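Below, chain A is the first sequence line, B the second, and so on; all start at residue 1. From a predicted model like this one, the values you see are computed outputs, not experimental measurements.
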Protein chains: 2
Amino acid sequence: MNDEAPWLDDDEMTTWLGLIGVVMRLPVALDEQLRRDARMSHFEFGVLAHLEHAEDQTMRMSDLAFLSNGSLSRLSHVAKRLEDEGLIERFACPSDGRSTLARLTDGGRRRLAEAAPGHVRLVRELVFDQLDEGETAELGRIAGRLLERLKQ
Amino acid sequence: MNDEAPWLDDDEMTTWLGLIGVVMRLPVALDEQLRRDARMSHFEFGVLAHLEHAEDQTMRMSDLAFLSNGSLSRLSHVAKRLEDEGLIERFACPSDGRSTLARLTDGGRRRLAEAAPGHVRLVRELVFDQLDEGETAELGRIAGRLLERLKQ
DNA sequence: ACTATTTAGTTGAAGCTTTAACTATCTGGA
DNA sequence: TCCAGATAGTTAAAGCTTCAACTAAATAGT
């Protein structure tokens, strides 16, 4: 039973430390802007943004959780808070009694609009301004490959 | 005052969603393995691993926090827990009365050894097995660039 | 039809992180 | 020398996430 994978070589370690650094620091930077401009976290922003682009601004909780890269439990707690703030509303799915649908409200749309300009500016500043067009495409390909595996 | 950055185009949006997906899902996957194999989070693993590679297995709290990509407050709480478990010890810095030094203990080294094989295997599976050598290098360059900006 | 299993969602408790306030020490000028 | 401000670290409280237990509805197998 020699499953021992060799430890990372120097190039791999450099890549790994860079990736981990981005993975740990990017959310902090995004949260900071969104909290300041629109009293929400990046996860909450993602939830609202996905709803906005959805058919009828409505989505099943579990689909929304998957798309938002979070657990259903996490989404459920967040949806409770968003609902209390009047940014979304939840109601039973007519076709499947187990499901709950979440819909963006007008208040939610307004809150997104408060967040968006500063958010785009920051995303450009942190990511796309640092990369040329080829690098952007290459990062997209690589991230897509890794994400496929992470989603199982 | 037209600071309006244009919203992301399709290619940029693809890249962004991929990057965000990795950023949100990778820590969950790493935490799961480390929690299972060695009762620690990925942040705790990082702290112990950086100590192991440090001169004298010792580091100043604030340097360790920066290297570990976390806030000093976060590290302070984590260090308390690690110290309670006997994985590190803390003591005053002789040359600067404000500073605290953290040192890895034998117990900490043993715990790292429990975590490491499964960790390397998972990192390979999730990242390096998905990429060829060129992509690994390219990801390293890109992540390094982004990280530079994220560190200010 | 009947039951066992799976799927969807919620919730309380525990655990972790952030925020803000606080203490203590050091450094760079008047 | 003295002091104002900067730097290092800790901590309590608030907020967020995970974990595990739970309810309810749908589906599959008999």
**Item:** 5' precedence on DNA chain C between Arg35(A) and Ser62(A) (nearest-nucleotide basis)
**Value:** Ser62(A)

**Request:** For the pair Thr100(A) (side chain) and Met61(A) (backbone), establish whether a donor and an acceptor sit closer than 3.5 Å, ignoring hydrogens and angles.
**Result:** no

**Request:** Using the ring of Phe128(B) (Phe, Tyr or Trp, six-membered ring only), decide whether Arg121(B) places NZ or CZ under 6.0 Å from its centre and within 45 degrees of its axis.
**Result:** no

**Item:** Salt bridge flag under 4.0 Å for residues Arg141(B) and Glu135(A)
**Value:** no

**Fill in**
Contacts of His77(A) and Thr100(B) projected onto DNA chain D by closest heavy atom; the upstream (5') one is Thr100(B)

**Message:** Heavy atoms only, 4.0 Å cut-off, all strands: where does Ser73(A) land among base, sugar-phosphate and nothing?
**Reply:** base

**Message:** Between Glu85(A) and Arg39(A), does any NZ, NE, NH1 or NH2 come within less than 4.0 Å of an OD or OE carboxylate oxygen?
**Reply:** no

**Asked** For the residue pair His119(B) and Trp16(A), does the interplanar ring angle fall in the parallel (under 30°), tilted (30 to 60°) or perpendicular (over 60°) class?
**Response** perpendicular

**Request:** Considering only heavy atoms of chain A and a distance under 4.0 Å, specify the first and last nucleotide of DNA chain D in 5' to 3' order that meet this criterion.
**Result:** dC16(D) to dA26(D)

**Prompt:** Across the strands shown, which category fits Asp31(A) at heavy-atom distances under 4.0 angstrom: base, sugar-phosphate, nothing?
**Reply:** nothing

**Item:** Which residue lies more 5' along DNA chain C, comparing Val28(A) with Leu75(A) via nearest heavy atoms
**Value:** Leu75(A)

**Message:** Please give me the minimum heavy-atom distance between Asp31(B) and His42(B), naming the atom from each residue.
**Reply:** OD1-N, 2.7 Å

**Prompt:** Does Lys80(A) pair with Asp84(A) as a salt bridge, N-O distance under 4.0 Å?
**Reply:** yes

**Prompt:** Counting heavy atoms not belonging to Asp10(A), are there more than 12 under 6.0 Å from its CG?
**Reply:** no

**Message:** Counting the atoms with a prime plus P, OP1 and OP2 as sugar-phosphate, which does Ser76(B) contact under 4.0 Å by heavy atoms, base, sugar-phosphate, or nothing?
**Reply:** base

**Prompt:** Within the structure shown, what part of the strands sits under 4.0 Å from Arg81(A) by heavy-atom distance: base, sugar-phosphate, or nothing?
**Reply:** base

**Gln57(B) and its side chain to side chain donor-acceptor pair (under 3.5 Å) partner, picked from His50(B), Arg109(B), Arg103(B)** = Arg109(B)

**Outermost nucleotides of DNA chain C that come under 4.0 Å of a non-hydrogen atom of chain A** = dT7(C) to dG12(C)

**Request:** Could you tell me whether Ser41(A) contacts a base, only the sugar-phosphate backbone, or nothing, with contacts defined as non-hydrogen atoms closer than 4.0 Å?
**Result:** nothing

